[in-house]
Each structure stands twice: as structure tokens, then as C-alpha cells.
Amino acid sequence: MNRFSEEFGREPAGRWAAPGRVNLIGEHVDYADGLCLPFAIAQRTVVLAAGRDDTTLRLRSVSERDTVEIDLDEVGQGSPAGWGGYAAGVLWALREGGHPVRGLDLLVTDTVPLGAGLSSSAAVECATALAADDLFGLGLGGSPEGRRELAAACVRAENEVVGAATGGMDQAAALLATAGHALLLDTHDGSTRQVPFDPADAGLQVLVIDTKVRHHLADGQYGNRRAAVEKAAATLGLPSLRGATLDQLGGLDAELARRARHTITEIARVEQVVALLDAGLVTEIGPLLDASHASLAGDYEVSCDELDLACTTARAAGALGARMVGGGFGGSAIALVPVARADVVAGAVRAAFEAAGLREPDLIDAVPSPAAARLE
Ligand code: ADP
Ligand code: MG
């Protein structure tokens, strides 16, 4: 007997999967109307589900101990607490949007690694959203416009039910990405464009180095950086730093100027990477990844020793470029590595972490993959 029927005493109506993501470049600019360039990866979260005629949600995950049982009417800010908020919140947000959502039985089986900076949270949300779309006949999953609406419901779930202040990058990547491409996301207007990105075709791979550390300093620093760039924009009399130029920064105090310089130069680096990828010059983006890391570490001050070590070691062992990804103060870095050097780079990173007395990092091959879909 399968796990779903063991849990719920009935068969699932289908299986839906949503991928994790890696942001190639464009870090800490989504709250400044900036550009980012995520791609979906092969690691994915799978949900089995069946609709119900009542409004009960029964949620299980093989990755979590807690079982969740809640009426849709009871879902809201902070309810249910814990992991169930990600899935239940999506149903809630769709219903708030006027869609005819009812209850369901849902089991999460496979998962994107949790908390590795690969966005397991958006993967649960987006797989649940697609399941609801099919089971309740919402008709949103078949078009980019419909998928944008599903993505917006997932963002609401995470912001309003879970209470995590995230932008829309993760959900856009999980629902709109295509294989062999990165997704250029303009957070000023939410528009997206597929940009060719097929590292294997150029003899390369994107290696994710999960340092498995998270420094407590991280708490509060996100809000602090966000406030700094908003203050910088306001001081310059601008709605955001999008479109601001470096020569405008002279009047700001030194720290604000450095924060703003990161935002402005990072947005420019995304544009440069996109131009190179459009021209088929994927092997040339390495220095821009390095410059992104230098800016995040120097001007934005969100790196840490472990992330710096991962990047410098990867470069010294043959990576074309490397940078920290995500919020910083721990989490993961990425390195663009010639396939022929992949084992050497991985070995060097492991050895460097061991020599520094650090935990062994997890190394993950990130391959640009398709968006969320129904399976079978
Ligand atoms: P990430 O970078 O992986 O998205 P988050 O902190 O945003 O990290 O989200 C991780 C949380 O998402 C987990 O603590 C859990 O509550 C929820 N989650 C992710 N994947 C699963 C899963 N497979 N089953 C249940 N909950 C999950
Ligand atoms: Mg997340």
C-alpha cells in the first residue's frame, strides 16, 4: 500500500512537482526594483493530493513530523503554525482571490533540500498551487498569465500566513522557468523573459556549495539593509534605486553610499550577464559572478568567512567565477565550473572546509530545469 492511502485511506488523484531554484546573479536587489536571474533546478518537491467535498485540509510531509488538519475557514495569519502554513496558505490565498477552492488531502513526498537556500518553501507552495489548480479546475496552470496568478497566491501565503517577508523571485522561478534558460525577472513591474542558459552545452556546471552555517547576525540584517537602500533612494528623491547612477551618491553618508553602490552595480551586472548569455558567451560571465561577490562582501557586508572561503577556494581550483547566493551570513555559494574541473573544485572545497575545522559542505549540481508540472 502506498503512503498516501496509508495516511488517508483513499488513492491520490495525481502527483505534482515544483523545482527549487538558484539565483545566478542579482542579489539583494529585489526590494530595490532591481533585476534578478534565477533558474529552476532538477531538485524538486512532489505532492500527492486528492480533492475533498468539504473544507478540511489534511496535510502530511515525509520531511516533517507534524501532521496538520485544519478547516480552510481557520487558515489565516500564523494559522496553521509551522510547515502547514506554506501549503494551507496557498489554498487560503486562492480562495481570497475568488477561486472555488475546497478541502484536500495532501502528502509531500520528495523535497528540495530544506533550508539550503534552494527555496524549498516556494517548491511546496507551487506544487500545492498546481495541485489545487487541477483538482478544482481553476484553469490557471496552462498559461504564463495564469501561472503568474498562482505565483502571486504563493507569495501571499508566505507573506501573510507564514509571515516571511519574501519577494516573488522564488515562486516566479518555480512556476515560469524553462529548461536550458534562466528567468530574467524585473521586480519593478514583475515582467519576465527567458534567457538562454545551458552550462552543460558550454562544458560547464553550476556547483552549489551549501556551507550549512547560519550566523545569528543574519537576523535583523535583512531589514537593516532594506531600510538603508530605501533611505538612500528617499534621500536622492527617487522612488527606488532602479535607474540611479553612481555619480548621484556623492551626497550620501559613507555607509549608505556603499549600500547603494552595491544595488546600482549589481543591477548593472545582471544586465551584463544577460547580454553575454543572449550572445551565447556563457564562459565569460565568471568575472561578473566574482564582482557580485566582492560587492556583497565589501559594499553590502552580508558575506561571512565560510562563504568567502567557498568562493576563493573554488576559484583557485579552477572555477570561472563564484559568489555567495541568498541573504548572506551563511547559506550557500555557487561556482561556475568547467565539467573537467568539477571533481578538483569539489575536492578542494571539501579539503579547505576540513582544514578550517568546518562541517563538510553539501555540494549540489544545479542544472537549469523546467518549471512545476503535473507528473505522469
Ligand atoms: P528555503 O530556502 O529552503 O526555502 P525557508 O526557510 O524559506 O528555506 O523554507 C523552509 C521551510 O519550508 C521548512 O522549514 C518547512 O516549514 C517548509 N518546507 C519546505 N519543504 C518542505 C517539505 N518537503 N515538507 C514540509 N515542509 C516543507
Ligand atoms: Mg524559502
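Read the numbers this way: they start at 1 and go in the same order the structure lists the ligands and their atoms. Atoms considered below: every heavy atom in the structure, side chains included; atoms not considered: hydrogens, waters and symmetry mates.
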Has the side chain of [X] got a donor or acceptor atom that lies under 3.5 Å from a matching backbone atom of [Y]?
| X | Y | answer |
| --- | --- | --- |
| Ser332 | Val208 | no |
| Lys212 | Glu360 | yes |
| Thr265 | His262 | yes |

Check the angle between the aromatic planes of Tyr222 and Tyr31 and answer parallel, tilted or perpendicular using the 30° and 60° thresholds.
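Geometry flag for Tyr31 against Tyr222: perpendicular rings.
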Report yes if some N/O of [X] lies less than 3.5 Å from some N/O of ligand 1; otherwise report no.
| X | answer |
| --- | --- |
| Ser121 | yes |
| Gly115 | yes |
| Thr45 | no |

Against heavy atoms of [X], which atoms of ligand 1 measure under 4.0 Å?
| X | value |
| --- | --- |
| Gly117 | 2 (O) |
| Ser63 | 23 (N) |
| Ser61 | 22 (C), 23 (N), 24 (N), 25 (C) |

How far is [atom] from its nearest protein heavy atom, and which residue and atom name does that atom have?
| atom | answer |
| --- | --- |
| atom 23 (N) of ligand 1 | Thr111 OG1, 2.8 Å |
| atom 13 (C) of ligand 1 | Leu114 CD2, 3.8 Å |
| atom 27 (C) of ligand 1 | Val124 CG2, 3.7 Å |
| atom 19 (C) of ligand 1 | Ser120 OG, 3.2 Å |
| atom 26 (N) of ligand 1 | Trp83 CB, 3.4 Å |
| atom 6 (O) of ligand 1 | Tyr86 OH, 4.5 Å |

Ignoring hydrogens and angles, state whether a donor on the side chain of Thr187 or Asp30 is under 3.5 Å from an acceptor on the partner side chain.
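Per modelled atom types, Thr187 and Asp30 side chains form no pair under 3.5 Å.
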Of Glu266, Arg269, Arg258, which meets side-chain hydrogen bond (donor to acceptor under 3.5 Å, both in side chains) against Ser295?
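The residue from Glu266, Arg269, Arg258 that satisfies side-chain hydrogen bond (donor to acceptor under 3.5 Å, both in side chains) with Ser295 turns out to be Arg269.
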Look at the N, O or S atoms of Ser121, main chain and side chain alike, and state whether any lies under 2.8 Å from the Mg ion (ligand 2).
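Of the N, O and S atoms in Ser121, at least one lies under 2.8 Å from the Mg ion (ligand 2), which means yes.
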Does atom CD (Gln194) have a neighbourhood of more than 12 heavy atoms from anything else shown, all under 6.0 Å?
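Yes.
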Answer yes or no: are there more than 12 heavy-atom neighbours, outside Glu69 itself, under 6.0 Å from its atom CD?
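Enclosed: over 12 neighbouring heavy atoms sit under 6.0 Å from CD of Glu69.
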I would like to know whether Arg44 and Asp110 meet salt bridge (charged side-chain N to carboxylate O under 4.0 Å, His left out); could you show each step before the answer?
CA-CA 7 Å; Arg44 61 192 190 173; Asp110 304 17; 5.6 Å; no
